[in-house]
Visitor: 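One structure, as structure tokens, below. Some questions next.
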Amino acid sequence: MTLTANKPIACTGGDPSARLPLAASVIAFVGSILVEESDGYVNRLSTSNAGAPFAGISIEQVEAGQHPVSGAADGDLRAQAQVGIFVARLPITGVARDDVFHRRHVFATDEQTFSVSDTSGTLIGRIIGLESSGVALVLCATAGHEGALLDHGAIAGVRTLAATGDEALTTADLGKLILVPNTGAKTLTLPLAADAAGRGLTVKKTAAAAEAV
């Protein structure tokens, strides 16, 4: 679900002074989960861009009544956001002590849905404690700080590609398990090595057909 009004998320630590460049005409609410698009601008997390790198949590409302949002171009507006490494109190259905013990990864598939099981979403952080029933203390890390969340060899999520058509992977796919159900030859273009910063990804073919990837 996407936010339609301010819904603050309690955070401690990190850097709350960053001002992130918004993509064209994006309206941010307090509590919006922000992600980096491939062009470097920031958008609100939704089911259509789930899996994009975590950019931060908005702590400022950017609205049409105060700013020229309608028709604003990429980067015209900026949202103040919590970034870096910080602790957030996030609602997670069914969260339990076992999740704290295993420091499970937390993924977001939209601005209000956080999960330890749906790894197709954006990696937000790791559970480090329980605030109350259904509310976890999550050590969050924005893009560039993800190493603080990953054990050696751990995956940062799963992405399933389309069965047909060539595709270009981006830096948002680094650290992920890429599932390829292709039944015909398929070409994958990898991110530039210079942008990978020592990180990799794993590609696994899931269809029985003996076609090359």
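Along the sequence shown, residues carry numbers from 1. Predicted model, so just to flag it, every value in this text is computed and none were measured.
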Visitor: Any side-chain heavy-atom pair from V30 and L3 closer than 4.5 angstrom?
Guide: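 No; the side chains remain at least 4.5 Å from each other.
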Visitor: First locate atom OG1 of T142, then atom CG of L20, and finally report the distance between them rounded to the nearest 0.5 Å.
Guide: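 Atom-to-atom, T142:OG1 and L20:CG are 8.5 Å apart.
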Visitor: Which heavy atom in V35 sits nearest to a heavy atom in F54, and how many Å separate them?
Guide: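 The answer is CG1-CA, 4.4 Å.
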Visitor: Report the C-alpha separation of K205 and L179 in whole Å, then their side-chain angles, then the decisive distance to 0.1 Å, and conclude whether the side-chain contact (heavy atoms from CB on, under 4.5 Å) test is met.
Guide: CA-CA 6 Å; K205 191 176 184 303; L179 302 180; over 6 Å; no
Visitor: Kindly compute the distance separating CG (L201) from CG (L190), expressed to the nearest 0.5 Å.
Guide: 6.0 Å
Visitor: Can you give me the closest heavy-atom contact between T187 and D166, atom names plus distance?
Guide: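 Smallest interatomic distance, heavy atoms only, reads N-OD1, 2.8 Å.
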Visitor: Of all heavy-atom pairs between I9 and G31, which one has the smallest distance, and what is that distance?
Guide: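 So the minimum-distance heavy-atom pair works out to CD1-O, 3.7 Å.
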Visitor: Is T113 reaching over with its side chain to a backbone N or O of D110, donor-acceptor style, under 3.5 angstrom?
Guide: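 Pair absent, no side-chain N/O of T113 close to backbone of D110.
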Visitor: In the structure I gave you, are the side-chain heavy atoms of V180 and V203 within less than 4.5 Å of one another anywhere?
Guide: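 They are in contact (side-chain heavy atoms under 4.5 Å apart), so the answer is yes.
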Visitor: To the closest 0.5 Å, what do you measure between CD1 (I128) and SG (C140)?
Guide: 9.0 Å
Visitor: Return yes if some donor-acceptor pair links the side-chain N/O of S58 with the main-chain N/O of E60 below 3.5 Å, else return no.
Guide: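 It does hold such a pair.
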Visitor: What distance do L22 atom CG and N43 atom CG have between them, rounded to the nearest 0.5 Å?
Guide: 8.0 Å
Visitor: Flag the pair L161 / L188 as yes when at least one side-chain heavy-atom distance between them is below 4.5 Å, and no otherwise.
Guide: yes
Visitor: Mind checking salt bridge (charged side-chain N to carboxylate O under 4.0 Å, His left out) for E167 and listing every partner two or more places apart, or none if nothing turns up?
Guide: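 In terms of salt bridge (charged side-chain N to carboxylate O under 4.0 Å, His left out), with neighbours along the sequence ignored, E167 is linked to R159, K186.
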Visitor: Pair L130, V100 - check side-chain contact (heavy atoms from CB on, under 4.5 Å), show working.
Guide: CA-CA 7 Å; L130 294 182; V100 180; 3.7 Å; yes
Visitor: Measure from the side-chain N and O atoms of T122 to the backbone N and O of A52, and report whether any donor-acceptor pair falls under 3.5 Å.
Guide: yes
Visitor: State the OG1-CD1 distance between T202 and I178, to the nearest 0.5 angstrom.
Guide: 8.5 Å
Visitor: For E111 and T2, which I'm curious about, is there any donor-acceptor pair between the side chains at under 3.5 Å?
Guide: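 The answer is no; no qualifying pair exists.
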Visitor: Linking I/L/V/M/F/W/Y whenever any side-chain heavy atoms sit under 4.5 Å apart, do V116 and I33 land together?
Guide: yes
Visitor: Over all heavy atoms of both residues, which pair between A207 and N182 is shortest? Give the atoms and the distance, please.
Guide: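 Closest approach of A207 to N182, heavy atoms only: CB-O, 3.4 Å.
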Visitor: Within a strict 4.5 Å, meaning less than it, do heavy atoms of the K176 and L123 side chains meet?
Guide: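 Contact flag for K176/L123 side chains = no.
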Visitor: Keeping N49 on the side-chain end and R44 on the backbone end, is there a donor-acceptor pair under 3.5 Å?
Guide: yes
Visitor: Testing the basics here: between V62 and I27, what is the closest heavy-atom pair and its distance to 0.1 Å?
Guide: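 Residues V62 and I27, closest heavy atoms: O-CG2, 2.8 Å.
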Visitor: Please test L137 against I127 for side-chain contact (heavy atoms from CB on, under 4.5 Å), starting from the C-alpha separation and ending with a verdict.
Guide: CA-CA 6 Å; L137 298 176; I127 296 176; over 6 Å; no
Visitor: So does D118 get a backbone contact from the side chain of S115, meaning a donor-acceptor N/O pair under 3.5 Å?
Guide: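 Between the backbone of D118 and the side chain of S115 there is a qualifying donor-acceptor contact (under 3.5 Å).
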Visitor: Any side-chain to backbone donor/acceptor pair from R78 onto R19? Under 3.5 Å, distance only.
Guide: yes
Visitor: Measure across R126 and R103 and return the closest heavy-atom pair with its distance rounded to 0.1 Å.
Guide: NE-O, 2.7 Å
Visitor: Could you list the donor-acceptor pairs under 3.5 angstrom formed between side-chain atoms of residues 79-96 and any protein atom two or more places apart in sequence or on another chain?
Guide:
residue	atom	partner	partner atom	Å
Q80	NE2	P16	O	2.9
Q82	NE2	G13	O	2.4

Visitor: CD1/I57 to OG/S32 distance, rounded to the nearest 0.5 angstrom?
Guide: 10.0 Å
Visitor: Test of understanding: clusters of I, L, V, M, F, W, Y form through side-chain heavy atoms closer than 4.5 Å, transitively. Do L34 and F114 belong to the same one?
Guide: no
